[in-house]
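Contents: one structure, followed by commentary.
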Amino acid sequence: MDSDTALELVKKGATLLFLDVPKHTLLGIDTQMFSAGPKFKGIKMIPPGPHFVYYCSSNRVGTEFSPMIGFFINANPSEVIVRKWDLQEERLVKLSDEEEEERYCLAVRSFEFDKYLGPYALNQLGEWKMLSNYITKSVIERIEPIGAEINVIHEPDILGYGPETAMEKALSEQLKNTNVPISDDKLKKRGCYYTKVPHLIKQKGIPGQDLTSLNLDKTSLLERILMKEYGGDEDLLLGELQFAFVAFLMGHSLEAFLQWKAVVSLLLGCTEAPLHTRTRLFIKFIKVLYSQLKYAFQKDRTDNNVAAEGSLTLLDDSLLSEDSFLQHLCKEFFSLVFEADFVDGDLLCWTRKLKELLEVALGWVFQQNTRDGIFYEEDDEFAPVVVTSDELNYD
């Protein structure tokens, strides 16, 4: 990159200025992570739009790390975001003096800190956009409390219900072993305002057989949530799904994992909506899920040549095992799509890609068969009839 182009990117991009951050602190933005050195002051050339910032402090030699803390931002062009390290609380805080903050902003725009700022790796921007293309300012404002942080330490009530997977047990153990007093009033912060997704549909006054049908096909629950919580905007639901995934995988939030699991279970538990009433939503959803899992399977990744040794691996064996909730739901969903008499071509294509990803990355086996138990090849004359999106009525 030539100097003129770099200068233009610095001017137009946002900047994160971190003051007094201790050595060895891990700081991340989106899919990138940095290790704070004695001269590291932040990140420049950040493209405008939504981003996730996360960090964790370490001991003096950088061998032990505290639980991850994260928060979303919606960066404006040329914006300077200043955070200062609070040594007592071991976290980044906003400056209380507005005049002092403005002086630092002017110093950044005058390039006084430029040589101490690490550049945002623009070659990884495409990867981040695949994980966040439905996360908007509106989505962030709906879910993230103003001024709050995403941190497993703030989630003791979630853990109180009892861990279900190895990952949840690991997070629970991490919370118990931390030296931060969870009873401290400063840590009693509100959790994220996630949409409530019932695990079971309960409705008075209807026969048991009908109630069973409602739970077998969650299309009616999906419709109710879409209209009541999102005003019918499908993209807001997908934005929350992406928000939860990022907060779970990068922010190490158990609450976010449970929300991601709930939304994935809701969508994969529908049978009517994918083929008839909400086909476009499900095409977008499968694309989102495919991108999330593809990124998550890259377990040996490092960012900017800095190994995230303080990070907790969140994709545990229970999530990726052959008896996990994801495996069971995908098996049913694949059967639904592959055995349908008529199926949208894009939905079929992306479902096949997701199936192939799971088979290659995890070794999962999904047998493809018709409703009468006869197996067929994809080009078999008895395979489902593929139709284009224009041929289906989505109203």
Side-chain angles (χ1 to χ4, degrees), residues 134 138-139 142-143 161 164 192-245 255-290 292 324-348 350-351 354-355 366 370-371 384-385 387 389-395:
Y134 293 104
S138 176
V139 169
R142 280 173 51 90
I143 303 174
Y161 290 102
E164 296 180 351
C192 290
Y193 298 107
Y194 291 118
T195 301
K196 186 176 181 180
V197 181
H199 178 65
L200 291 174
I201 301 175
K202 298 179 181 180
Q203 192 171 332
K204 295 181 179 180
I206 65 172
Q209 185 176 358
D210 294 341
L211 191 59
T212 300
S213 298
L214 289 175
N215 281 282
L216 289 175
D217 177 8
K218 295 189 176 180
T219 295
S220 62
L221 177 60
L222 172 63
E223 290 295 334
R224 187 193 316 164
I225 291 175
L226 280 172
M227 300 311 297
K228 181 179 178 181
E229 304 295 339
Y230 304 105
D233 190 338
E234 299 174 345
D235 289 355
L236 286 178
L237 172 63
L238 296 175
E240 182 163 339
L241 179 65
Q242 290 184 331
F243 181 110
F245 179 81
E255 182 185 28
F257 168 75
L258 296 176
Q259 182 66 11
W260 178 80
K261 178 180 177 181
V263 176
V264 169
S265 299
L266 168 66
L267 290 166
L268 290 180
C270 295
T271 57
E272 178 72 14
L275 301 177
H276 302 289
T277 59
R278 294 281 182 178
T279 302
R280 284 178 180 152
L281 167 60
F282 277 83
I283 294 170
K284 293 185 287 187
F285 162 61
I286 296 300
K287 287 182 180 180
V288 167
L289 186 59
Y290 175 87
Q292 290 177 340
S324 70
F325 86 96
L326 187 62
Q327 198 272 353
H328 286 296
L329 288 172
C330 284
K331 182 178 180 180
E332 294 298 321
F333 186 81
F334 294 160
S335 295
L336 172 73
V337 173
F338 297 143
E339 296 173 19
D341 294 326
F342 298 93
V343 61
D344 178 88
D346 289 335
L347 179 62
L348 181 62
W350 278 100
T351 302
L354 177 61
K355 174 174 172 284
F366 301 100
T370 61
R371 282 186 291 269
V385 177
V387 296
S389 300
D390 295 337
E391 295 177 280
L392 294 178
N393 182 9
Y394 295 98
D395 298 328

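These numbers come from the heavy atoms of this one structure, side chains and all, not from hydrogens, waters or symmetry mates. Residue numbers run from 1 in the order of the sequence given.
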Nearest atoms (heavy-atom pairs only) where T219 meets D217: OG1-OD1, 2.7 Å
Atom of I225, atom of P198 and distance for their closest heavy-atom approach: CD1-CD, 4.3 Å
Sub-4.5 Å side-chain heavy-atom contact between T351 and F334: yes
Derivation and outcome, side chain to side chain contact (heavy atoms under 4.5 Å, CB included), residues E229 and L236: CA-CA 9 Å; E229 304 295 339; L236 286 178; over 6 Å; no
Approximate separation, where rounding is to 0.5 Å, of E272 CD and L222 CG: 11.5 Å
Pairwise distance CZ(F282) to CG(L267) - rounded to 0.5 angstrom: 5.0 Å
Check: V288 and F245 side chains under 4.5 Å, non-hydrogen atoms: no
Taking every non-hydrogen atom, the tightest pair across T277 and A273: OG1-CA, 3.2 Å
Heavy-atom check, side chain of L241 versus side chain of F285, under 4.5 Å: yes
For K331, side chain to side chain contact (heavy atoms under 4.5 Å, CB included) partners two or more places apart: F366
Straight-line distance of L336 CG to L275 CG, nearest 0.5 Å: 4.5 Å
Point-to-point distance, once rounded to the nearest 0.5 Å, from CD1 of I283 to CG of D344: 4.0 Å
side-chain hydrogen bond (donor to acceptor under 3.5 Å, both in side chains) against Q259, all qualifying residues, sequence neighbours excluded: E240
Gap between atom OH of Y134 and atom NZ of K284 - 0.5 Å precision: 5.0 Å
Partners meeting side chain to side chain contact (heavy atoms under 4.5 Å, CB included) with E332 (sequence neighbours left out): none
I286 versus W350, closest heavy-atom pair with distance: CG2-O, 3.4 Å
Y194: which of V263, L258, I143 passes side-chain contact (heavy atoms from CB on, under 4.5 Å): I143
Partners passing side chain to side chain contact (heavy atoms under 4.5 Å, CB included) against L329 (at least two apart in sequence or in another chain): S265, L268, F325
L238 vs D235 side-chain heavy atoms within contact, under 4.5 Å: yes
A262: partners by side chain to side chain contact (heavy atoms under 4.5 Å, CB included), with sequence neighbours left out: V197
For the student: nearest non-hydrogen atoms of A244 and A256, plus distance: O-CB, 3.3 Å
Non-neighbouring partners of E223 that pass side-chain hydrogen bond (donor to acceptor under 3.5 Å, both in side chains), sequence neighbours left out: R278
Distance-minimising heavy-atom pair for T279 and P274: OG1-O, 2.9 Å
Q292 side chain near W260 side chain, heavy-atom distance below 4.5 Å: yes
Separation of L289 CG from Q242 CD (nearest 0.5 Å): 11.0 Å
